[in-house]
Amino acid sequence: GRCEERHMTITIEINRSLSQIQWERHDQLVGKRRTETLTPEELDELIALSDQIEKVNVRRIEYLAELAQMRNTTVSALITELGIRPRLHL
(Lines give C-alpha, C1' and ligand atoms only; values in the text may rest on other atoms or scores of the structure.)
Protein backbone atom coordinates (compact mmCIF):
# COMPACT_ATOMS: atom_id res chain seq x y z
CA GLY A 1 0.00 0.00 0.00
CA ARG A 2 0.86 3.65 0.28
CA CYS A 3 2.87 3.22 3.50
CA GLU A 4 5.06 0.52 1.95
CA GLU A 5 5.67 2.71 -1.12
CA ARG A 6 6.71 5.64 1.09
CA HIS A 7 8.96 3.32 3.10
CA MET A 8 10.70 2.17 -0.11
CA THR A 9 11.10 5.75 -1.38
CA ILE A 10 12.62 6.85 1.93
CA THR A 11 15.03 3.89 1.95
CA ILE A 12 16.21 4.75 -1.58
CA GLU A 13 16.73 8.39 -0.59
CA ILE A 14 18.66 7.45 2.56
CA ASN A 15 21.08 5.46 0.40
CA ARG A 16 21.53 8.22 -2.19
CA SER A 17 24.98 9.78 -2.26
CA LEU A 18 27.53 11.26 -4.59
CA SER A 19 28.88 9.09 -7.38
CA GLN A 20 32.15 7.26 -6.83
CA ILE A 21 33.81 9.65 -9.31
CA GLN A 22 32.62 12.67 -7.30
CA TRP A 23 33.90 11.12 -4.06
CA GLU A 24 37.27 10.36 -5.66
CA ARG A 25 37.55 13.94 -6.91
CA HIS A 26 36.54 15.27 -3.48
CA ASP A 27 39.21 13.15 -1.80
CA GLN A 28 41.80 14.26 -4.36
CA LEU A 29 40.97 17.93 -3.72
CA VAL A 30 41.05 17.44 0.06
CA GLY A 31 44.51 15.90 -0.32
CA LYS A 32 45.68 18.88 -2.37
CA ARG A 33 44.26 21.24 0.26
CA ARG A 34 46.21 19.41 2.97
CA THR A 35 49.44 19.79 1.00
CA GLU A 36 48.53 23.41 0.21
CA THR A 37 48.69 22.80 -3.57
CA LEU A 38 45.05 23.64 -4.30
CA THR A 39 44.45 26.22 -7.06
CA PRO A 40 41.70 28.84 -6.64
CA GLU A 41 39.63 26.95 -9.25
CA GLU A 42 40.08 23.69 -7.37
CA LEU A 43 39.08 25.39 -4.14
CA ASP A 44 35.85 26.53 -5.80
CA GLU A 45 35.27 22.96 -7.00
CA LEU A 46 35.93 21.57 -3.51
CA ILE A 47 33.52 24.07 -1.96
CA ALA A 48 30.84 23.13 -4.51
CA LEU A 49 31.34 19.40 -3.83
CA SER A 50 31.29 20.01 -0.06
CA ASP A 51 28.03 21.97 -0.41
CA GLN A 52 26.56 19.10 -2.42
CA ILE A 53 27.64 16.58 0.25
CA GLU A 54 26.08 18.74 2.96
CA LYS A 55 22.76 18.94 1.09
CA VAL A 56 22.69 15.17 0.54
CA ASN A 57 23.43 14.59 4.24
CA VAL A 58 20.70 17.00 5.37
CA ARG A 59 18.17 15.21 3.15
CA ARG A 60 19.40 11.86 4.46
CA ILE A 61 18.86 12.97 8.07
CA GLU A 62 15.37 14.25 7.23
CA TYR A 63 14.48 10.89 5.64
CA LEU A 64 16.01 8.99 8.58
CA ALA A 65 13.86 11.04 10.96
CA GLU A 66 10.73 10.29 8.92
CA LEU A 67 11.51 6.58 8.72
CA ALA A 68 12.30 6.43 12.44
CA GLN A 69 8.92 8.01 13.16
CA MET A 70 7.17 5.51 10.85
CA ARG A 71 8.91 2.65 12.69
CA ASN A 72 8.31 4.22 16.11
CA THR A 73 12.02 4.22 16.94
CA THR A 74 14.87 6.72 17.30
CA VAL A 75 17.15 7.94 14.53
CA SER A 76 20.15 6.52 16.44
CA ALA A 77 18.55 3.09 16.70
CA LEU A 78 17.60 3.21 13.02
CA ILE A 79 21.14 4.16 11.98
CA THR A 80 22.46 1.19 13.95
CA GLU A 81 19.80 -1.12 12.52
CA LEU A 82 20.55 -0.04 8.93
CA GLY A 83 24.31 -0.28 9.48
CA ILE A 84 24.91 3.30 8.37
CA ARG A 85 28.46 4.41 9.05
CA PRO A 86 30.10 7.78 8.41
CA ARG A 87 32.35 7.92 5.38
CA LEU A 88 36.00 8.03 6.38
CA HIS A 89 37.88 10.94 4.85
CA LEU A 90 41.39 10.27 3.66
Colleague: Going only through I, L, V, M, F, W and Y residues with side-chain contacts under 4.5 Å, is there a path from Ile53 to Ile14?
Modeller: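 No, separate clusters.
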
Colleague: Within the 4.5 Å heavy-atom criterion, are Leu64 and Ile10 side-chain neighbours or not?
Modeller: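 No; the side chains remain at least 4.5 Å from each other.
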
Colleague: Could you give the distance from CZ (Arg33) to CG (Leu43), rounded to the nearest 0.5 Å?
Modeller: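 The CG atom of Leu43 is 8.5 Å from CZ of Arg33, to the nearest 0.5 Å.
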
Colleague: As an exercise, state the distance from CG of Asp44 to CD of Glu41, rounded to the nearest 0.5 Å.
Modeller: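 Between atom CG of Asp44 and atom CD of Glu41 there are 7.0 Å.
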
Colleague: Hey, what do you get for CD1 (Ile12) to OH (Tyr63), rounding to the nearest 0.5 Å?
Modeller: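 With rounding to 0.5 Å, CD1 (Ile12) is 10.5 Å from OH (Tyr63).
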
Colleague: Check Glu42 against Lys32 and note the closest heavy-atom contact, atom names and distance.
Modeller: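 Between these two residues, the closest heavy atoms are OE2-NZ, 2.7 Å.
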
Colleague: Taking Ala68's backbone N and O only, do any of them form a donor-acceptor pair with Asn72's side chain (distance below 3.5 Å, no angle check)?
Modeller: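 Side chain of Asn72 to backbone of Ala68, a donor-acceptor pair under 3.5 Å: no, none is there.
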
Colleague: Does the side chain of Val56 reach to within under 4.5 Å of the side chain of Arg59, using non-hydrogen atoms?
Modeller: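 In contact.
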
Colleague: Rounded to the nearest 0.5 Å, what separation is found between the CD atom of Glu45 and the CD atom of Gln28?
Modeller: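 Between Glu45 CD and Gln28 CD, I get 8.0 Å after rounding to 0.5 Å.
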
Colleague: Test side chain to side chain contact (heavy atoms under 4.5 Å, CB included) on Leu38 and Leu46; report intermediate values, then the result.
Modeller: CA-CA 9 Å; Leu38 204 58; Leu46 178 58; 4.1 Å; yes

Colleague: If Ile, Leu, Val, Met, Phe, Trp and Tyr residues are connected whenever their side-chain heavy atoms lie under 4.5 Å apart, and connections chain through other members, are Ile61 and Leu18 in the same group?
Modeller: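 Unlinked, Ile61 and Leu18 end up in two clusters.
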
Colleague: Is there any salt bridge (Lys or Arg N to Asp or Glu O under 4.0 Å) pair reaching into residues 5-19, and which pairs are they, with sequence neighbours excluded?
Modeller: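 Every pair satisfying salt bridge (Lys or Arg N to Asp or Glu O under 4.0 Å) with a residue in residues 5-19: Arg6-Glu66, Glu13-Arg16.
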
Colleague: Before you tell me yes or no, could you show the steps for Thr37 and Thr35 under side-chain hydrogen bond (donor to acceptor under 3.5 Å, both in side chains), namely the whole-Å CA-CA distance, both residues' side-chain angles and the distance that decides it to 0.1 Å?
Modeller: CA-CA 6 Å; Thr37 59; Thr35 60; 3.0 Å; yes

Colleague: Hey, could you give me the CG/CG distance between Leu67 and Leu78, rounded to the nearest 0.5 Å?
Modeller: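 If I round to the nearest 0.5 Å, the distance is 5.0 Å.
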
Colleague: Got a second to check how far Glu62's CD is from Asn57's CG, nearest 0.5 Å?
Modeller: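 Answer for the CD-CG pair, Glu62 versus Asn57, is 11.0 Å.
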
Colleague: Do Gln52 and Leu49 have side chains that approach each other closer than 4.5 Å (heavy atoms only, starting at C-beta)?
Modeller: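 Of all side-chain heavy-atom pairs linking Leu49 with Gln52, at least one is under 4.5 Å.
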
Colleague: With a 4.5 Å cut-off on side-chain heavy atoms, are Ser50 and His26 touching?
Modeller: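 They are in side-chain contact.
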
Colleague: Treating Thr73 as the side-chain partner and Gln69 as the backbone partner, does any N or O pair qualify as donor plus acceptor under 3.5 Å?
Modeller: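 Flag not set: sc Thr73 to bb Gln69 has no pair under 3.5 Å.
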
